[in-house]
Protein chains: 2
Amino acid sequence: MEHLAEYFKVFSEPNRLAVLEALRQGPLNVTAVVEKTGLSQALVSKHLKLLTIAGVVKRQPEGSLVFYEVIDKGVFKLVGQAEKLLLDARRQQLDALAAIL
Amino acid sequence: MEHLAEYFKVFSEPNRLAVLEALRQGPLNVTAVVEKTGLSQALVSKHLKLLTIAGVVKRQPEGSLVFYEVIDKGVFKLVGQAEKLLLDARRQQLDALAAIL
DNA sequence: TTGCATCATAACGACGACGTGATACTAGAG
DNA sequence: CTCTAGTATCACGTCGTCGTTATGATGCAA
């Protein structure tokens, strides 16, 4: 249960999520992720390291570049599910509000 | 994207996850959750409030008791999916290790 | 070898979340 | 009305994580 919470924590950070999204369409090297997200290089490196340790992303050096790739694209399904639940939660809250007014 | 991260954050805490699990089989009042989880009353109250604000759980007072209920049981699907991905990530890491040794 | 990218790490300060203990609030029993 | 069980909230200390700046390490080209 603690491990599961830690896994969720991987996705609980906006910038980390942005880094993950940058990798949705395929492998990118660090600089490419930096340009695509607008985050600082040090920060991108940190998040990529976390994602690697979490087993979400795979690190592969190629010459002087280092490419990162999402291992199991099922993570995007997880993200999509969360988005859906988030929308439903919003609707429910509006409904609850409407029931009062 | 920030909101999505916040939503993930809801599930990124072991005790909060435990509170949620306690509600898997149906509505419970606060004391029941306290007994089922072993957490302090104040802490359970806090987590339930968070879950309510997040729209995951519904608060319904009944007499002097207050019952909480999971609104959309799809959240358990989300949790299950995360568990699956977590397991796969573990396997992948072992495979990566085996590829080196 | 020297220089220039690319990437990783260290040290630091700031901010937020967690858990606890104490206290307020509420509804119903007596 | 009073007392009690159930629930919510407050104040506080603690700890983790985030982002930045600066620096270290690596590979390739000239």
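Remember, predicted model here, so these are calculated numbers, not experimental data. In what follows, every chain begins at residue 1, and chains take the letters A, B, ... in the order their sequences are listed.
Connection of L87(B) to V70(A) is not established within any shared hydrophobic cluster, with ILVMFWY side chains joined at heavy-atom distances below 4.5 Å, either directly or through further cluster members.
Remark: S40(A), A42(A), L43(A), K46(A), H47(A) in residues 37-51 of chain A come within less than 4.0 Å of DNA chain D through at least one heavy atom. DNA chain D is contacted by E13(A), N15(A) of residues 1-15 of chain A, taking any non-hydrogen atom closer than 4.0 Å.
Minimum interatomic distance between P27(B) and E69(B) (heavy atoms only, all atoms of both residues): CG-CD, 3.7 Å. V34(A) and L39(A) make their closest contact through CG1-O, 3.3 Å (heavy atoms, listed as atom of the first residue, atom of the second, distance). In plain terms, the two heavy atoms of S45(A) and V30(A) that are nearest each other are OG-CG1, 4.4 Å.
Mapped onto DNA chain D by nearest heavy atom, L65(B) and S64(A) fall at different nucleotides, with L65(B) at the one closer to the 5' end. Heavy-atom distances to DNA chain D give each of F67(B) and R16(A) a nearest nucleotide, and the one nearer the 5′ end belongs to F67(B).
Of the charged side-chain nitrogens involved, none lies within less than 4.0 Å of a carboxylate oxygen, so that E6(A) and K9(A) do not count as a salt-bridged pair.
Reading DNA chain D from its 5' end, the first and the last nucleotide to sit under 4.0 Å from a heavy atom of chain A are dC18(D) to dC28(D). Chain B approaches DNA chain C over the interval dC18(C) to dG28(C), counting the first and last nucleotide 5' to 3' with an atom under 4.0 Å from its heavy atoms.
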Stepwise, does the side-chain contact (heavy atoms from CB on, under 4.5 Å) test hold for K36(B) with Q25(B)? CA-CA 12 Å; K36(B) 203 164 187 174; Q25(B) 300 148 7; 3.3 Å; yes
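Contacts of Y7(A) classified as ring pair (Phe, Tyr, Trp, His ring centres under 6.0 Å), with partners at least two apart in sequence or in another chain: F11(A). With sequence neighbours excluded, the residues satisfying salt bridge (charged side-chain N to carboxylate O under 4.0 Å, His left out) with R91(A) are D88(A).
Under the 4.5 Å side-chain criterion, counting only non-hydrogen atoms from C-beta, L23(A) is in contact with L48(A). Side-chain atoms of V66(A) and E62(A), non-hydrogen and from C-beta on, never get closer than 4.5 Å to each other. Side-chain contact between T52(A) and K58(A): absent, with no pair of heavy atoms (C-beta onward) separated by less than 4.5 Å. In this structure the side chain of L51(B) never reaches within 4.5 angstrom of the side chain of Y68(B), judged on heavy atoms.
In this structure, CZ in F8(A) is found 15.0 Å from NE2 in H3(A), a value given to the nearest 0.5 Å.
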